[in-house]
Protein chains: 2
Amino acid sequence: MENIQPFHSYKNPSLAVDLVVFGYKERTLSVLLLNRKEEPFKDCWTLPGAFLQMEERFRDTCSRVLSTKLGMNDVYLEQLYSFDEPDRDPRGRAIAVAYYALVNPSQVAVSAGHMANDVQWFDIKKLPELGFDHAIIFEQALKRLQAKILYFPVGFELLDDLFTMTELHDLYECILDLPLDRRNFRRKILDAEYIIATGKKREGLQNRHPELYKFNKKLKENSFQLNIS
Amino acid sequence: MENIQPFHSYKNPSLAVDLVVFGYKERTLSVLLLNRKEEPFKDCWTLPGAFLQMEERFRDTCSRVLSTKLGMNDVYLEQLYSFDEPDRDPRGRAIAVAYYALVNPSQVAVSAGHMANDVQWFDIKKLPELGFDHAIIFEQALKRLQAKILYFPVGFELLDDLFTMTELHDLYECILDLPLDRRNFRRKILDAEYIIATGKKREGLQNRHPELYKFNKKLKENSFQLNIS
DNA sequence: TCAAAAGTGTTGCGATTACACCCATGC
DNA sequence: GCATGGGTGTAATCGCAACACTTTTGA
């Protein structure tokens, strides 16, 4: 290409990525929050995030936050929406591109001890007040996850590689905040071929050993609709 | 608030808005494209867009493009996605926040004569090659529109205030690129109370005068699913 | 009276829901 | 043998798809 002039030094808004990190453990859907040590919103809980560096893609920024600050790698990420209220950050004009992430808390280093009292999982039903416009971002992320799980197998990112049907069922009930018929759920999930029985059983329980399933990674493009019952 | 320091002068990527403007006329869904007069992609067709100005919100930038460049006001706008490939613009790092717009071409000043040969409606089935990553953006916009129209009454933005059932039916067939049963379509649209019969008839036709409908602006929150037949 | 498009109901099928009993295991 | 959760099938209902004839109008 010829005659291409680089951009003039326009003044551009700051560009940040904010992350809604969902985790699921013990029948509870949680979000990871950071307690800020600096103004603005000092001592408030907020979503983790970072400014975009030149040459960095959104996903890279997300990964940087997740691995550097939170010790997580290989995380499911999806872009949510971009937020542009002029006063959303009191320090100046800042655009936020929000992503949500699904992680398995039991495979992740973030514990109550690590990174002190800065970072913590919160049950999504017991969230503290959030700084910036992060409450809005969180609400959108939750709605997106609830919608997505009905037509795309995304919940597996929150579970161990092997899981029982009951664990998957509980996860769906928890995300959708609705009771789902156990038998109908099983049939739909199996019909859609989202998961594969491994033949292995979970052992050491006081009762019948349930089958262990794994996610079917090469699933067909059958447009699946998990209607709630 | 106290002790709040403004942002340092971080170097930030350029931030632009790109617009997929859909119009519907004569049973054809079209997109508005601009023929660039400057490098890069000189003489190529591209989506309209503009750089975000400080203090401007995405929607403001969209409205600025639509009214200034295209003479359109009061347009339906929805944010689509944000694009961040580092080399999507050869002039330098540029983030694009894509929106799509729905307009009624017959109520809009953009004609073949106006703005010369710069700007033109293209049948979405006969698109030229597009500059930048605009083909990808367009594809996403079309998919979003196709999905949205099934659960939200968004098509009315493309029609006149008063329209016949057949016109609405044709619009849906055209957007979805599928034949829809006429009677089932009528029933579903009416059951969902998306539209209201006005009692008026379209006259001057060679055959039976069809009822004119208008969009029901205060529609219930009934979760509607227009299954295709 | 003819052509062209608008208006209108019903039936059959497939999908979904609702629902209860037996099974395996550890204690 | 008992308590606990896992596994399984069917009948009834609902929603959707398929489908054809009559009506209105202008020419």
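We name chains A, B, ... by the order of the sequence lines, and we start the count at 1 in each one.
Between A:Phe156 and the choices A:Phe163, A:Tyr213, A:Tyr172, A:Tyr76, the ring-ring contact (aromatic ring centres under 6.0 Å, His included) rule is met once, by A:Phe163. Among B:Leu171, B:Asp177, B:Leu178, the one residue that satisfies the side chain to side chain contact (heavy atoms under 4.5 Å, CB included) test with B:Ile175 is B:Leu171.
For the pair B:Thr166 and C:dA6, the criterion of a side-chain N or O lying under 4.0 Å from OP1 or OP2 is met.
Across all strands, A:Thr164 comes closer than 4.0 Å to no nucleic acid atom at all (heavy-atom distances).
Within a 6.0 Å radius of NZ in B:Lys148, other residues, nucleotides and ligands contribute more than 12 heavy atoms. Atom NZ of A:Lys200 has 12 or fewer neighbouring heavy atoms from other residues, nucleotides or ligands inside a 6.0 Å radius.
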Listed pairs, N/O of protein and of nucleotides 8-11 of chain D, under 3.5 Å:
from: D:dT8; atom 1: OP2; to: A:Arg186; atom 2: NH1; distance (Å): 3.3

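Shown here are the salt bridge (Lys or Arg N to Asp or Glu O under 4.0 Å) partners of B:Arg186, two or more places apart in sequence or in another chain: there are none.
No side-chain donor from either of A:Tyr81 and A:Gln140 sits under 3.5 Å from a side-chain acceptor of the other.
Contacts between residues 199-212 of chain B and DNA chain D, counted as heavy-atom distances below 4.0 Å, involve B:Leu205, B:Gln206, B:Asn207, B:Arg208, B:His209.
The nearest whole Å value for the distance from the CG atom in A:Leu168 to the C1' atom in D:dG7 is 16 Å. For the pair A:Lys188 NZ and C:dT17 C1', the computed distance is 8 Å after rounding to whole Å. In this entry the distance linking CG of B:Leu180 with P of D:dC19 reads 15 Å, nearest Å. Residue B:Phe185 contributes atom CZ, which lies 16 Å from atom C1' of D:dC16 at whole-angstrom precision.
Listed for the A:His209 side chain is no donor-acceptor partner under 3.5 Å among the backbone atoms of A:Glu203. Side chain of B:Ser63 to main chain of B:Thr61: no donor-acceptor pair is present (N/O by atom type, distance under 3.5 Å, no hydrogens or angles).
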